Amino acid sequence: MSEEKKKNKRKKVLFVCTGNTCRSPMAEFILRAKIKRNKIRWWDVSSCGLKAEIGGAISPNSRIALEDMGISADKFVSKQLTQKLIDSCTIVICMTETQKQILEGCGHVFCMKDVCGYDIPDPYGCNLDTYKVTRDAISRACDIIIKNYITQYKDGKEIK
């Protein structure tokens with residue numbers, strides 16, 4: 001493959017949470033919207049879960065929290081994490097340090113704490129206000145991911 005083609009190869013961020021219905025889908029849709037708004041090319045975003053119900057829907061409160069930002073999650077279906085998914089991504093970001101530890105040795109896996117200094121707690125079963133707090137924490141983390149990683153990315157560079 002020529003250097004030019006390597007340079008233009010699409011990069012991919014994969015967000016991971018437990019069930020792929022609350023946090024990781026919100027992170028997927030928020031980062032995707034921010035990438036589009038910032039006219040960043042060559043980056044794709046997806047999400048999956050450690051214990052996902054394959055084909056499940058995004059949680060109603062996650063959907064509402066995203067809609068409040070003007071983001072639609074209508075076409076979302078949950079996916080189960082696989083090693084093949086990890087291998088196909090430039091960076092894998094778990095919502096918590098504990099999730100990262102579960103995936104130790106699986107490749108280029110980080111957690112939100114590595115990226116932005118804090119874990120993203122699971123809002124599952126909580127009220128809409130808790131989901132909005134989670135959404136806002138994810139949104140701030142996505143700004144950091146864009147600033148410190150995506151716009152600075154060089155092949156082979158890892159988050160420290």
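No experiment lies behind these values; they were computed from the predicted model shown. As a basis for the values below, the full set of heavy atoms in this structure was taken, side chains included, without hydrogen atoms, waters or symmetry mates.
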When you measure from the side chain of Gln80 to the backbone N and O of Leu50, does any donor-acceptor pair fall under 3.5 Å?
-> yes

Can you tell me how far the CZ atom of Phe15 sits from the CD1 atom of Ile120, to the nearest 0.5 Å?
-> 9.5 Å

Within the side chain of Asp114, is there an N or O that forms a donor-acceptor pair under 3.5 Å with the backbone of Cys111?
-> yes

In this structure, which one of Ile86, Leu14, Ile54 forms a side chain to side chain contact (heavy atoms under 4.5 Å, CB included) with Cys48?
-> Leu14

Roughly how far apart are Lys51 NZ and Thr18 OG1, rounded to 0.5 Å?
-> 7.0 Å

Are Arg32 and Asp44 ion-paired here, with the side-chain N under 4.0 Å from a carboxylate O?
-> no

Does Tyr131 reach the main-chain N or O of Ser59 with its side chain, forming a donor-acceptor pair under 3.5 Å?
-> no

Using modelled atom types only, decide if a donor and an acceptor are shared between the side chain of Glu28 and the backbone of Ser46 within a distance under 3.5 Å.
-> no

Pair Ser139, Asp136: side-chain N/O donor-acceptor within cut-off below 3.5 Å | no

So, do Trp43 and Thr151 sit near enough that their side-chain heavy atoms are less than 4.5 Å apart?
-> no

Taking the side chain as C-beta and beyond, is there a heavy-atom pair between Lys113 and Thr96 under 4.5 Å?
-> no

side-chain contact (heavy atoms from CB on, under 4.5 Å) between Ile150 and Val13: does it pass, once the steps are laid out?
-> CA-CA 9 Å; Ile150 290 177; Val13 176; 4.3 Å; yes

About how many Å separate OG of Ser62 and CD1 of Ile138, when rounded to the nearest 0.5 Å?
-> 7.5 Å

Is Asn127 reaching over with its side chain to a backbone N or O of Asp129, donor-acceptor style, under 3.5 angstrom?
-> yes

Arg23 side-chain N/O to Pro123 backbone N/O, donor-acceptor pair under 3.5 Å | no

Do Tyr149 and Val115 have side chains that get closer than 4.5 Å, going by heavy atoms?
-> no

d(Leu31 CG, Asp143 CG) to nearest 0.5 Å is 9.5 Å

At what distance, to the nearest 0.5 angstrom, does NZ of Lys34 lie from CD1 of Ile30?
-> 7.0 Å

Count the heavy atoms of every other residue, nucleotide or ligand shown that sit under 6.0 Å from CD of Glu53, and state whether that count exceeds 12.
-> no

Side-chain donor or acceptor of Asp119 paired with backbone N/O of Glu97 under 3.5 Å | yes

Which of Thr21, Ile64, Leu66 passes side chain to side chain contact (heavy atoms under 4.5 Å, CB included) with Ile58? It is Leu66

Going hydrophobic residue to hydrophobic residue with side-chain gaps under 4.5 angstrom, can you get from Ile144 over to Ile91?
-> yes

Taking atom CZ of Arg10 and atom OG1 of Thr90, what is their separation to the nearest 0.5 Å?
-> 10.5 Å

Are Leu103 and Cys94 close enough that some pair of their side-chain heavy atoms sits under 4.5 Å apart?
-> yes

Step-by-step side-chain contact (heavy atoms from CB on, under 4.5 Å) determination, Met69 to Phe29 = CA-CA 10 Å; Met69 291 180 79; Phe29 284 97; over 6 Å; no

Sidechain-backbone polar pair: Ser47 side chain, Val16 backbone, donor-acceptor under 3.5 Å = no

In chain order, what residues pass the side chain to side chain donor-acceptor pair (under 3.5 Å) check against Asp87, with sequence neighbours excluded?
-> Gln83

